[in-house]
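What follows is a single structure, written as structure tokens, with notes after it.
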Amino acid sequence: MQSYFFNLSVPYLKCEDLYRGGNHSVVLESDQGINVQIPAINLRPFITSQGIKGRFRLIIDDRKKVKSFEKIS
């Protein structure tokens, strides 16, 4: 398994696309500078009226499938 860490700060208006169905996946740049593509549905639980803000950890398995995506601060 591999872990990636991200700091995200996305305004609410940009998050609206995650619900419209236009974006099925999102590309995030990890702290290590690696671009990682994940299903947009993984971000939806973290959208607030302010958007998405915080530090997150992504864990993927050996088949490159998302095992967990969680807010850590």
Side-chain angles (χ1 to χ4, degrees):
M1 284 196 265
Q2 293 180 321
S3 297
Y4 299 94
F5 294 88
F6 307 88
N7 287 313
L8 298 179
S9 181
V10 182
Y12 181 78
L13 290 176
K14 288 197 175 194
C15 294
E16 288 181 341
D17 288 341
L18 297 175
Y19 282 102
R20 289 191 186 137
N23 292 334
H24 297 287
S25 63
V26 177
V27 177
L28 304 172
E29 184 177 345
S30 73
D31 290 352
Q32 302 92 341
I34 298 169
N35 288 333
V36 180
Q37 183 174 344
I38 64 169
I41 196 167
N42 288 289
L43 294 176
R44 288 182 185 162
F46 304 104
I47 299 173
T48 68
S49 61
Q50 305 301 311
I52 302 174
K53 289 187 182 270
R55 183 139 176 89
F56 295 84
R57 175 176 51 208
L58 168 68
I59 299 174
I60 60 171
D61 65 17
D62 295 334
R63 297 176 319 212
K64 307 294 185 201
K65 300 293 180 188
V66 175
K67 293 295 282 180
S68 70
F69 186 80
E70 58 190 350
K71 186 173 183 176
I72 56 176
S73 67

- Query: For Gln2 and Lys64, what are the C-alpha separation, side-chain angles and deciding distance, and is it a side chain to side chain contact (heavy atoms under 4.5 Å, CB included)?
  - Reply: CA-CA 9 Å; Gln2 293 180 321; Lys64 307 294 185 201; 3.6 Å; yes
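- With hydrogens and angles disregarded, a donor-acceptor distance shorter than 3.5 Å links the side chain of Lys71 to the backbone of Lys53.
- Counting heavy atoms from C-beta outward, Phe5 and Arg55 have side chains that approach closer than 4.5 Å.
- Summarising the local packing, CD of Glu70 is surrounded by more than 12 heavy atoms from other residues, nucleotides or ligands at distances under 6.0 Å.
- For the residue pair Val66 and Ile60, the shortest heavy atom distance occurs at CA-CG2, 4.2 Å.
- Other residues sharing the hydrophobic cluster of Val27, ordered by chain and number and joined by side-chain separations under 4.5 Å: none, the residue standing alone.
- Residues passing the ring pair (Phe, Tyr, Trp, His ring centres under 6.0 Å) test with Phe46 are Phe56, Phe69, sequence neighbours excluded.
- Between the CG atom of Leu8 and the CD1 atom of Ile52 there is a distance of 6.5 Å, given to the nearest 0.5 Å.
- A pairwise comparison of heavy atoms in Asn35 and Glu29 identifies OD1-CB, 3.5 Å as the closest pair.
- The number of heavy-atom neighbours closer than 6.0 Å to OH of Tyr12, taken from other residues, nucleotides and ligands shown, is 12 or below.
- Of the possible polar contacts, one joining the Asp62 side chain to the Met1 backbone as a donor-acceptor pair under 3.5 Å is found.
- Counting all heavy atoms, side chain and backbone alike, Cys15 lies closest to Gly51 at SG-CA, 4.0 Å.
- By the 4.0 Å N-to-carboxylate-O rule, Arg57 lies too far from Asp31 to be salt-bridged with it.
- One hydrophobic cluster, built from ILVMFWY side chains closer than 4.5 Å, holds both Leu28 and Ile34.
- The distance from the CG atom of Leu43 to the CZ atom of Phe6 is 9.5 Å, given to the nearest 0.5 Å.
- The closest side-chain donor-acceptor pair between Ser30 and Gln32 falls under 3.5 angstrom.
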